[in-house]
Every structure is written in C-alpha cells, then in structure tokens.
Amino acid sequence: MSAQRALSLLAALDEAGIPAIVDGGWGVDALLRAQTREHDDLDLVVALGHVARIHAVLGPLGFSPHEDHLPVRFVLRNTAGEQLDFHTVGFDAEGGGVQQQPNGKTFRYPPEGFVPGEIGGVPVTCISAAVQVACHIGYAPTPRDARDVLRLCERFGLNVPRAYESFASPSA
C-alpha cells in the first residue's frame with residue numbers, strides 16, 4: 001500500500017466523519033515521518049461503533065469483508081489485494097481506547113498514546129512509539145517487527161524489549 005493510497009483512504013474515512021488512528025507499519029513510519037519499508041496493508045484504530053459506516057464508505061471503493069473477528073478487529077480487502085486491518089475500540093471518558101482481546105482480556109490505548117505523525121508530508125494521528133513497542137511484546141518477533149521496534153526505540157529513546165535484544169547491534 002503506497003503512502004498516497006493510505007492517505008486517500010484516510011481522507012475518505014475523514015470525509016465521512018470517521019476518525020482513524022494509524023497503527024502498525026504505517027504508524028511506525030508516520031512517527032518516523034518517513035517511509036522506511038513497503039507496506040502490505042494499512043492498520044487503523046477506529047471506534048467499534050463506526051464499523052457499519054466504515055463498510056458503507058469503503059464498500060463503494062471496492063473493499064469487502066475478508067476477516068471478521070469483532071469486537072477485536074476486522075479486515076477489508078479489495079480485488080487488487082489492498083488490505084485494511086481495523087482494530088476496534090470503545091473510547092473511555094479519558095479518551096483512551098479499550099480494545100477487546102481474543103483471550104477475553106482488554107488492551108487500553110492510553111489517550112497520550114494518540115500522537116501526531118506524518119505520511120508523505122501530510123499530518124495524521126498515529127499510535128505513539130511507546131504504545132507501538134508495547135503492542136509488539138508477547139509474541140515471537142519477526143525480522144520486520146524487529147526493524148520497526150528497534151527504529152522506534154532508537155529514535156524515541158525507549159528501552160529495547162528483551163525479546164528484541166538479539167536483533168540489536170552490539171553498539172545499540
């Protein structure tokens with residue numbers, strides 16, 4: 001998914017009054033304010049209450065349901081293979097986003113975890129570096145995960161999580 005395409009899809013959601021917070025790989029690049037790699041998809045944090053409207057907005061653009069794991073997440077895909085991965089949350093009184101997890105627990109995106117970023121020179125709201133790193137803990141990292149986490153830790157002065165230490169250079 002190109003930066004221009006990601007921005008056009010974000011604009012379509014915004015024009016429909018659906019706030020979307022950039023997460024995942026594009027979220028990392030939005031924080032770094034530069035595209036560091038190719039992206040297979042666009043991950044977005046959205047309000048669970050907007051799911052029907054998201055389908056209504058993106059359906060005419062060729063997107064149809066590919067995976068449905070609601071209330072945790074859902075995936076839309078088009079025939080060109082473009083994919084949107086939506087992480088659905090309920091926003092609490094403080095502005096944090098509470099997401100159900102497959103194991104029955106919840107994950108809370110803290111309100112300070114929604115920060116400004118940039119894709120292709122265009123301002124976007126994205127998930128903070130600290131929250132991105134926290135979301136990459138608890139599973140075996142892939143080399144791509146490691147590159148993203150190490151870039152965030154270096155740029156934002158965060159401690160490298162233990163699971164990622166073996167990917168870090170000795171001088172890191």
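- The heavy-atom pair separating Ala129 from Phe156 by the smallest distance is CB-CD1, 3.5 Å.
- Hydrophobic cluster membership differs between Phe91 and Leu48, with clusters built from Ile, Leu, Val, Met, Phe, Trp and Tyr side chains linked at under 4.5 angstrom.
- Grouping the Ile, Leu, Val, Met, Phe, Trp and Tyr side chains by contacts below 4.5 angstrom, directly or via other members, places Ile21 with Val89.
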Chi angles and distances behind the side-chain contact (heavy atoms from CB on, under 4.5 Å) call for Ile127, Val115: CA-CA 6 Å; Ile127 302 301; Val115 299; over 6 Å; no

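- Contact check for Val98 versus Phe107: no side-chain heavy atoms found under the 4.5 Å cut-off.
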Audit row: Arg73, Asp68, salt bridge (Lys or Arg N to Asp or Glu O under 4.0 Å) steps and yes/no: CA-CA 7 Å; Arg73 62 186 276 272; Asp68 183 350; over 6 Å; no

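- The hydrophobic cluster analysis finds Ile137 isolated: no Ile, Leu, Val, Met, Phe, Trp or Tyr side chain comes under 4.5 Å of it, directly or through other members.
- Between the SG atom in Cys126 and the CG atom in Asp43 there is a gap of 12.5 Å [rounded to 0.5 Å].
- Between Met1 and Asp40 the shortest side-chain heavy-atom distance does not fall below 4.5 Å.
- To the nearest 0.5 Å, the span separating CD on Gln4 from CG on Leu9 amounts to 10.5 Å.
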Verdict with reasoning, Arg37 to Asp148, per salt bridge (Lys or Arg N to Asp or Glu O under 4.0 Å): CA-CA 9 Å; Arg37 63 177 174 85; Asp148 287 347; 2.9 Å; yes

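- Considering only heavy atoms from C-beta on, Leu44 stays 4.5 Å or farther from Asp85 through its side chain.
- To the nearest 0.5 Å, the span separating CG on Leu158 from CZ on Arg151 amounts to 15.0 Å.
- Screening Leu42, Asp29, Val28 for a side-chain contact (heavy atoms from CB on, under 4.5 Å) involving Val22 leaves a single residue, Leu42.
- Note on Arg144 versus Glu38: no salt bridge recorded, every NZ/NE/NH1/NH2 to OD/OE distance being 4.0 Å or above.
- The side-chain heavy atoms of Pro65 and His55, taken from C-beta on, include a pair separated by under 4.5 Å.
- At least one side-chain heavy atom of Leu76 sits under 4.5 Å from a side-chain heavy atom of Ile54.
- By the neighbour-count criterion of 12 heavy atoms within 6.0 Å, atom CD of Glu112 is densely surrounded, having more than that number from other residues, nucleotides or ligands.
- Within the 4.5 Å cutoff, side-chain heavy atoms of Ile18 are placed close to those of Val57.
- Val160 and Leu31 fall within the same hydrophobic cluster, defined by Ile, Leu, Val, Met, Phe, Trp and Tyr side-chain heavy atoms under 4.5 Å apart, directly or through other members.
- Closest approach of Ala20 to Leu13, counting heavy atoms only: CB-CD1, 4.1 Å.
- Side chains of Val149 and Pro161 form a contact here, defined as non-hydrogen atoms less than 4.5 Å apart.
- Rounding to the nearest 0.5 Å places CG of Asp145 at 10.5 Å from CD of Gln132.
- The aromatic rings of Phe86 and Phe74 sit parallel to each other, their planes meeting at less than 30°, with 60° as the upper class boundary.
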From CA spacing to verdict: side-chain contact (heavy atoms from CB on, under 4.5 Å), Leu84, Val75: CA-CA 6 Å; Leu84 298 164; Val75 176; over 6 Å; no

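- Between atom CZ of residue Arg108 and atom CD of residue Glu94 there is a gap of 5.5 Å, rounded to the nearest 0.5 Å.
- Taking all atoms of both residues into account, the shortest heavy-atom contact from Ala3 to Ile119 is CB-CG2, 3.7 Å.
- A chain of hydrophobic side-chain contacts below 4.5 Å, direct or via other Ile, Leu, Val, Met, Phe, Trp or Tyr residues, connects Tyr139 to Leu150.
- Considering every non-hydrogen atom in both Trp26 and Ser2, the closest pair reads CZ2-C, 3.7 Å.
- Side-chain contact between Gln83 and Phe63 is absent, with no heavy atoms from C-beta onward closer than 4.5 Å.
- In this structure, CG on Asn103 lies 9.5 Å from CD on Gln100, to the nearest 0.5 angstrom.
- His50 places no side-chain N or O within donor-acceptor distance of the main-chain N or O of Val46, the cut-off being under 3.5 Å.
- A salt bridge does not link Glu82 with Arg77: every distance from a Lys NZ or Arg NE/NH1/NH2 to an Asp or Glu carboxylate oxygen is 4.0 Å or more.
- Listed for the Thr88 side chain is a donor-acceptor partner under 3.5 Å among the backbone atoms of Pro71.
- For CD of Gln101, the number of neighbouring non-hydrogen atoms (other residues, nucleotides, ligands) closer than 6.0 Å is greater than 12.
- The shortest non-hydrogen separation linking Pro123 to Gly121 is CD-O, 3.8 Å.
- Between Phe167 and Tyr164, the ring planes lie tilted relative to each other; the angle falls in the 30° to 60° range.
- Taking Ile, Leu, Val, Met, Phe, Trp and Tyr as members and joining any whose side-chain heavy atoms lie under 4.5 Å apart, directly or through other members, Val72 forms no hydrophobic cluster with any other residue.
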Full working for side-chain contact (heavy atoms from CB on, under 4.5 Å) between Leu7 and Val124: CA-CA 9 Å; Leu7 289 169; Val124 298; 4.1 Å; yes

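- Closest non-hydrogen pair, Pro141 versus Ala163, comes out as CG-O, 3.5 Å.
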side-chain contact (heavy atoms from CB on, under 4.5 Å) evaluation trace for Leu61 with Asn78: CA-CA 8 Å; Leu61 300 179; Asn78 65 17; over 6 Å; no

